Each structure stands twice: as structure tokens, then as C-alpha cells.
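A quick write-up on the structure given underneath.
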Amino acid sequence: MTEHTDTPTHFIRQIIDKDLAEGKHGGKGENIVTRFPPEPNGYLHIGHAKSIFLNFGLAEQYRGTCTLRFDDTNPEKESEEYVASIRADVSWLGCQWAGDVRYASDYFDVIYACAVSLIQAGHAYVDSQTPEQIAANRGDFTHPGTDSPFRERSAGENLALFEAMRQGELDEGTAVLRAKIDMRAPNMNMRDPVLYRIRKVRHHQTGDTWCIYPMYDFTHPISDAIEGITHSLCTLEFEAHRPLYDWVLDKLEGLQSFPSRPRQYEFARLNLNYTVTSKRKLKQLVDDGHVDGWDDPRMPTISGLRRRGYTPAAVRRFCDMVGVARADSVVDMGMLESAIRDDLNRHAPRAMCVLRPLKLVIENWPAGQVEQLDAPMHPQNDAMGTRQIPMSGEVFIDREDFQEEANKKFKRLVLGDRVRLRYGYVVRATDVIKNDQGEVVEVRCTYDPDTLGKNPENDEGQGKLRGVIHWVSAAQGVPCEVRLYDRLFTSASPEREEEGFAACLNPASLRVLEGAIAEPSLAAAPVESRFQFEREGYFCVDRDSRAERPVFNLTVGLRESF
RNA sequence: UGGGGUAUAGCCAAGUUGGUAAGGCAGCGGGUUUUGAUCCCGUCAUUCCCAGGUUCGAGUCCUGGUACCCCAGCCA
């Protein structure tokens, strides 16, 4: 029951420690500034959580700061809906960004000024080639690119053209601003990358103020420098962009003044098996109706995990367990499940809920009597208190907890044998009632009144109790809906399936149990509250719940070792 | 094919002046238990992608291979 408090160490911490030791950033951890820079073009997922906890965690550990910045330079794919969801998700995870939320679009004026000074210094030019020509002249891995015929325009001409771009005088696709670097560079990103393009679309933050938008590679280093970022952390695919990141900042040196000279470091993105973690594919799952939305409990999105019953602490713990390194990896879903089980085992109150009810009639129970039994909320934590559970002569048990015949391995109720009703009495099954199809529809039993809180006496020759099963009193039980979730895909790596990831969707990823019966204390449980349904798993209250009919989502089942 | 990266157990991952392979997840064996849960104890790499070399000593250094990932958007 020990809480996890250790802070993970990894290569990025080592870099910061070394920087500090060398006197960089004033040698003070307080001066470390990181940022989480999502593009608002989709919902955040578990992979983003890794980045969020890395960046905010570092700020926390060094007592530095971390900003939240929307990288909103592509208005066509972005929206306010995504901005709102991302803010909510980051907050839910428990991260507090320094100051106000930032937008790269807040810096469009500065970025524009940077472009102008680069042009003046001869480091950028307006290219009037068509997109196709630019692509063709870029060359490929084996062939160097060829210079644009517009590459040697004068600064004055470039300035005038760039101004014309900004004024909306040029059509989309007819001109771009390009960095003047090296068309023969082996790193394709350095072959005169595009810095600005014309997009005559409304921006969710800046409206119609701009019709030219800076590219990521130009925007990011400048935004980082403006915010005083010291360590700009991103994923591995941006590694080849680092020379450009540095080029931009180097060329701007002396031309613009920034509070910091940030450095970019890359780490491996998080991959989870049996799911997908790419905004494009997640969006497709939503758009194609394979799930109910971005927050469907089967989605690896932050909002999906939240609705599934995950806690921020468990997500963070999972990220700590996974670590931060540079090797591509695929983490086993079991690790995520372990993190939430560990959290919920310690913090979730216990309750009983019968998922597939089978009536159990106690024939020697005093007619009409209802007894209130005390049950602890948590077996290892008395501080969580107790609750009362009504017991009567008719209860429901789970169909899977009864068999007419079974070997000794079956630690549940068997005809003729005994079992304890959790927190209650020992009962012995005496008879079964079947329907026309031969299915057991009711079990008859007798109970031993002297077994509450103690084992049966005069027990010679009767052997041990087979086990303990959960139950709910029929008259007082609360009808509810239980949604059982399983992995969304049947393939460990859906993205690698030849027929596409949609071809390996798990048809049983959601099973709805309409007839479940919960103990009365569960009737008023608030949305998002979490419980362990004993012997079943961890569940949380879904927002679809109504007062007279709660809905529970399976977060994760209990470990089963038999 | 040019450039940039990465290889340590089934999975993730420490290993930082070369000194004799952390930890977690999963698994396996046992104990406690009114949850087949939890908890507890034990077990789980003679070997670090491969092959050579240097060294008293190599996961760490050198040489040569191999595999996988990323880059040819006016996406991020």
C-alpha cells in the first residue's frame, strides 16, 4: 500500500543536470523552462500523456516552469473544439501551465518580423515555382536538388513579394517564402525548406488577420525562444529537423532578441500494443463510427481513458513506468492495466454487483425478514469505513458462480455443497429449478444462521467451504447497466495489418449487460466515481447514468490466477 | 539509394572514468486471505544484435557487418 513517489531519471534529466552543473541557465533549476506544444487538430491520447508528464514533470522536479502552447499554424485542420478538449485534458491530468495558455498564433507578428529580417540578411527568398516544380526540384535521397530560378532575387524584390503575399495579392500556391540554405544538402529538410505559405482561410484564433501562415519548422524555434524555453522536447521523427531548428535560431542571432536559446532533444514516442496512437487513425475510428466518439471508453485518448475510469495518477504512474528513452518501443497494454489496478486497488471502495443474475432462494430464511449486514468499504483500509448491505430470503448470485456439478477446482456454489455469501452467511445449495430448455433459472438453498462472521461449527466430515461468492438481495438490489470493455483490436499491432487497422477491430470490444443488479449503496454513486465490484473488477459510473438506472463501465478486470 | 537514429529477458528500461548485468510489467513456485483480488516470500539474462580486436578484465573502447525506425507536405 505504499504510494509511488520516486521521480524517474532518464537521459533528458541527465542533460539538464549536466547543463546546470556547467552553469547554463544560471545553474538554477528554476530557470528550466519546458513546454507542451500540441496542434489542436485532434484529441490528446496516451502518447501525449507521456510528453505532458515529461515536460510538466521536469518543470515540477526542477521547480522550473512549463507552458502550454497550441501549435496552431495550419488553420485548415484545427479548431476551437480541439483547443477546448486539449485544455480540459491537460488540466484533468493535473498539470498547471505557467501563465496563460499560449498560441503560436500569438507570435505571428514576431514570426513575420523574423521572416523579414531573414530576407534582408539574404537568408530567405520568395519562390514563385509551382508546388509541383518545388517538389521536383527538391531531388530525392540519391539526387541533389536544383536551385530555384527565383533563388537569387534581390532582398528588395523578396521584401516586396513577401509583402504582397501578406496583403493577399498573390493566390495560394503561387508563391512561398523559402529559407536559402543548400539544395544539395543530404538532409532533405535543409534543401531550402518552405517557411511561409499562402492560405486564404480563417484562423480559429486570429480570424482573417492573416492569409499567410508560417510552417512548423519556422514557427517552433521562434515560439520556443520567445517563451524562454530551455529544453524543447519532441519525438524522434523531428530529429532530422533539428539542424533547421538550429539554423533558424542561428540566423536570427543579432537580428532578433529572445530570452533564451532553446535546444531541441528528441525522445521515442509511446506505442501501445492492441491499439492505435495516431490522431489520424483515431479520427478515422470516430468518423467511421467504429466507436462512439473521441471519449469512447475503448479509445486510448485521454478523455476515453477518463471515461473508462482511469485516474490521472494511474496514467502518470504508467508514464513513469515506461520511462523516457530513444529506442522505438511498443509497450504492453498490461502495463497500463497494472497501473490502474494498482491505483484502484488502493483507493477504490468495494461493492457488490451481480452481472448475470441467477436467483438464489434461501428456504429456511425467516419469511419477510430483511437483515442489515455491515461490510467494510476496503479490506485493508479501515479508515474508509463501512456500509450496510441488506440481506433477505431471495438474493441474486452470478450465473457463473453456480454449477450442478464441478470438481474441487471450482471454488463456487455447487449443488449439495456450501459456499459463503460474502459478508454474510454460509449457504448450501439443495435444489435447482429449470426452464423448458433445461437451463437453471433458480437455485434453492438453506443457510446456517450461526455463520455470520465465523466459520461453521460441528463441521466434521464436511470439508472446507468451497469459497466465497458475491450476491445482492433481490428486493433491495438496484437494476443497472454494465458495459464490459475489451481491447479495441484483435491484433497486437493494428497499424501493421495489411488489410488496414479497421480490419482487425474486435467485435466484442463492448458487451452490454442490461440486467445487472447492484447493491443499494451504489444507487446514488456520482458520475466518474470508481469502485471495485468484488470478484469482478474495477468499474466507474458513466455519464449515461440516470437516477433510477446507473450505468457502470468496466475499467479493468481483477487479475485472475486460475 | 544519400542523410539521421536505435539495438540489454516475452514487454518497457537502468547500466555515465572499462571491474564482473538495477527496477517495473508479464510469467512461474510457495505462504496469508470471508474477493480465485490484495499482500508476502522465492524464482526468472554465465550474458548485452553478430563477428573480430584491444585489455588482467568489455554491455561499456576499436574495426567490420546485420536488423529495424525516421526524412523526398506549401502537415505537425
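Just so we're clear, the structure is a prediction, and the values are computed from it rather than from any experiment. Naming convention: chains lettered A, B, ... in sequence-line order (proteins, then strands); numbering from 1 in each chain.
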Produce the list of close N/O pairs, under 3.5 Å, pairing protein atoms with atoms of nucleotides 28-30 of chain B; give distances to one decimal.
none

Quiz prompt | Between A:R263 and A:H231, a side-chain donor and acceptor under 3.5 Å | solution =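 No, no side-chain donor-acceptor pair sits under 3.5 Å.
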Quiz item: What nucleotide among B:C11, B:G36, B:U35 has an atom nearest to a side-chain atom of A:D332?
Solution: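 Looking only at heavy atoms from C-beta outward on A:D332, the closest nucleotide is B:C11.
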Quiz item: From B:C12, B:U34, B:U38, pick the nucleotide closest to the side chain of A:Q380?
Solution: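 My answer, after comparing the listed nucleotides, is B:U38.
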Using a 4.0 Å heavy-atom cut-off, does [X] contact any base of the nucleic acid, only the sugar-phosphate backbone, or nothing at all?
X	answer
A:R341	nothing
A:R412	base
A:R420	base
A:V426	nothing

Practice problem: Measure centre to centre between the rings of A:F162 and A:Y112, then say whether the value is under 6.0 Å. | Solution: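 Centroid separation for A:F162 and A:Y112: below 6.0 Å.
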Quiz item: Quick one: stems for RNA chain B, with Watson-Crick or G-U pairs under 3.5 Å, at least three in a row?
Solution: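 If one scans RNA chain B for consecutive Watson-Crick or G-U pairs, the stems found are B:2-7 with B:66-71, B:10-12 with B:23-25, B:27-31 with B:39-43, B:49-53 with B:61-65.
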Exercise. Treat primed atoms plus P, OP1 and OP2 as sugar-phosphate and everything else as base, then score nucleotides 68-76 of chain B 5' to 3': B for base contact with protein heavy atoms under 4.0 Å, S for sugar-phosphate contact only, - for none.
Key: -SSBBSBSB
Exercise. Give a yes/no answer on whether the side chain of A:Q14 brings an N or O atom under 4.0 Å of OP1 or OP2 in B:G15.
Key: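 Affirmative; the distance criterion is met.
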